[in-house]
Visitor: 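Got a structure here, written out as structure tokens. Questions coming.
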Amino acid sequence: MPDQKSLEPTNADAQSPASWSAPVFRDNVLGYVQDLMRNPENRVPPERVVLQLTQDPDFQTVLKSWESLNGADRVAAWKKVLALAEHHAREVLPACLMCGECCRMGSPTLHLEDLELLQKGAIPWEAVYTLRRGEPVHSPFKKDLFFLLDERIKVREKPGTTECLFLDGQTQRCRIYADRPLQCRAQACWDSAPAQDLSTQPYLTRRDIFKDVELVMDIMVEHDRRCRFDQLVAAFKEMEASKGATVDKVLHLLAYEEHFRTFMGEKLGIPDKELELVFGRSFAALLPLFGCAVKIEPDGTRVLVPDKGDTAGSSTS
Ligand code: SF4
């Protein structure tokens, strides 16, 4: 933290915040943050703190209203901004400089600490989905398939890509930067240690989200029990060994799983877009991992057809 001298504004002609124009106010904020980060042991660039501060809604409110504030209110607002800058300087983890590279390689997996972001609406419920225990997923680095040992909740990716849903396609900036999840805050191009340290942080699960809604918990457990991924994998292996003769077993599992989620979703009043959070991805959505897709004929019967591309390629970390 800076000494008292560095609390003074950098503009020598205007020592009191009461007389600063908005551009002078901005310059003095930048100067203050530079002072805060002057410690040579600090590996975080001052720009990171500036970035985080300028995305803070409280800071933006002060900036927008600065010209209309009277002298006493400007002094009070300046003190508030100093406190905000110190907060962000303390709180900020080494993180990317918003080049968007990480955001294009995959969406974040959520930790327990991120639950608040969902509860306050910073991340909408329909923007996340569940990868259930035992679900086949791709490793983000090797792209090989493995089966999840524990449940994970992830932010969605844009359809057919590995790009995070919140990456703005035009600006290549995060649309929820001030409220981005823990994993994103820990990403550091220049140091992989903070992100690796996150493995000791508890991951968010559906149990954390729905623990107070007993009925949803019961239905989720029942869905997990009746619609397990190992059943689907076993049915595909059997179909392969029988050269397609047992395809009905696969189709039956698909139909049953879909019926379960649709029926229970309607009964519990769960919006369609949130079904993948409550029940995870459907069996049908995972078919591309087995090289096929399901097609519904005009008479309503289902047939398996070759998949045109891998569209189920969720990855996790
Ligand atoms: S939430 Fe924001 S920072 Fe995190 S991966 Fe998505 S776009 Fe990037």
Side-chain angles (χ1 to χ4, degrees), residues 43-60 87-89 91-131 137-143 148 151-206 208-209 273-274 276-277 281 311-317:
R43 289 174 301 144
V44 181
E47 293 79 12
R48 265 293 288 113
V49 181
V50 171
L51 196 60
Q52 184 132 333
L53 176 64
T54 52
Q55 304 264 340
D56 188 307
D58 288 342
F59 174 79
Q60 289 174 355
H87 164 75
H88 287 298
E91 189 258 355
V92 76
L93 291 166
C96 74
L97 288 170
M98 295 180 85
C99 65
E101 190 58 28
C102 304
C103 317
R104 284 187 284 274
M105 287 170 62
S107 60
T109 300
L110 300 186
H111 289 77
L112 186 55
E113 186 179 313
D114 299 317
L115 178 56
E116 191 191 338
L117 300 176
L118 288 159
Q119 288 171 332
K120 73 176 186 179
I123 297 179
W125 294 106
E126 66 263 23
V128 298
Y129 68 103
T130 300
L131 296 173
V137 293
H138 283 301
S139 149
F141 304 111
K142 297 183 188 150
K143 292 290 169 201
L148 270 183
E151 177 173 313
R152 297 281 186 266
I153 293 179
K154 273 179 75 78
V155 168
R156 288 184 187 279
E157 288 158 352
K158 294 176 189 170
T161 76
T162 57
E163 196 169 300
C164 176
L165 184 72
F166 291 118
L167 186 67
D168 188 302
Q170 287 201 318
T171 63
Q172 294 299 301
R173 296 275 170 108
C174 173
R175 289 190 287 110
I176 56 162
Y177 194 78
D179 287 310
R180 65 204 187 286
L182 178 64
Q183 187 178 317
C184 308
R185 283 182 280 136
Q187 298 278 16
C189 307
W190 61 91
D191 184 1
S192 60
Q196 283 165 7
D197 285 350
L198 286 188
S199 58
T200 59
Q201 299 288 322
Y203 284 101
L204 182 65
T205 68
R206 289 176 294 171
D208 302 310
I209 297 173
K273 287 180 176 170
E274 293 172 23
E276 286 198 341
L277 170 62
R281 293 191 294 175
T311 52
S314 187
S315 62
T316 190
S317 51

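Start at 1 and go down the list; that is how both ligands and their atoms are numbered. FYI, the numbering just counts along the sequence from 1. Just so you know, these numbers come straight off a predicted model, no measurement behind them.
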Visitor: Decide whether the shortest distance between a heavy atom of Leu167 and an atom of ligand 1 is less than 4.0 Å.
Guide: yes
Visitor: Just grab all the salt bridge (charged side-chain N to carboxylate O under 4.0 Å, His left out) pairs involving residues 110-120, residues at least two apart or on different chains.
Guide: Glu113-Arg185, Lys120-Asp179
Visitor: Please list, in number order, the atoms of ligand 1 under 4.0 Å from a heavy atom of Pro108.
Guide: 5 (S)
Visitor: Taking both backbone and side-chain atoms into account, decide whether Cys184 has an N/O/S atom under 2.8 Å from atom 6 (Fe) of ligand 1.
Guide: no
Visitor: Could you report the tightest heavy-atom contact between Asp56 and His88, atom names first, then the distance?
Guide: OD2-NE2, 2.7 Å
Visitor: Are any non-hydrogen side-chain atoms of Ile153 and Asp208 less than 4.5 angstrom apart?
Guide: no
Visitor: Out of all atoms in ligand 1, which are within 4.0 Å of some heavy atom of Cys164? Include the element for each.
Guide: 1 (S), 5 (S), 6 (Fe), 7 (S)
Visitor: Would you please determine whether Ser107 falls within less than 4.0 Å of ligand 1 on a heavy-atom basis?
Guide: no
Visitor: Considering only heavy atoms of Cys103, which atoms of ligand 1 have at least one such atom less than 4.0 Å away?
Guide: 3 (S), 5 (S), 7 (S), 8 (Fe)
Visitor: CG/Leu131 to CZ/Arg281 distance, rounded to the nearest 0.5 angstrom?
Guide: 5.5 Å
Visitor: Answer yes or no: is there a side-chain heavy-atom contact under 4.5 Å between Ser107 and Val128?
Guide: no
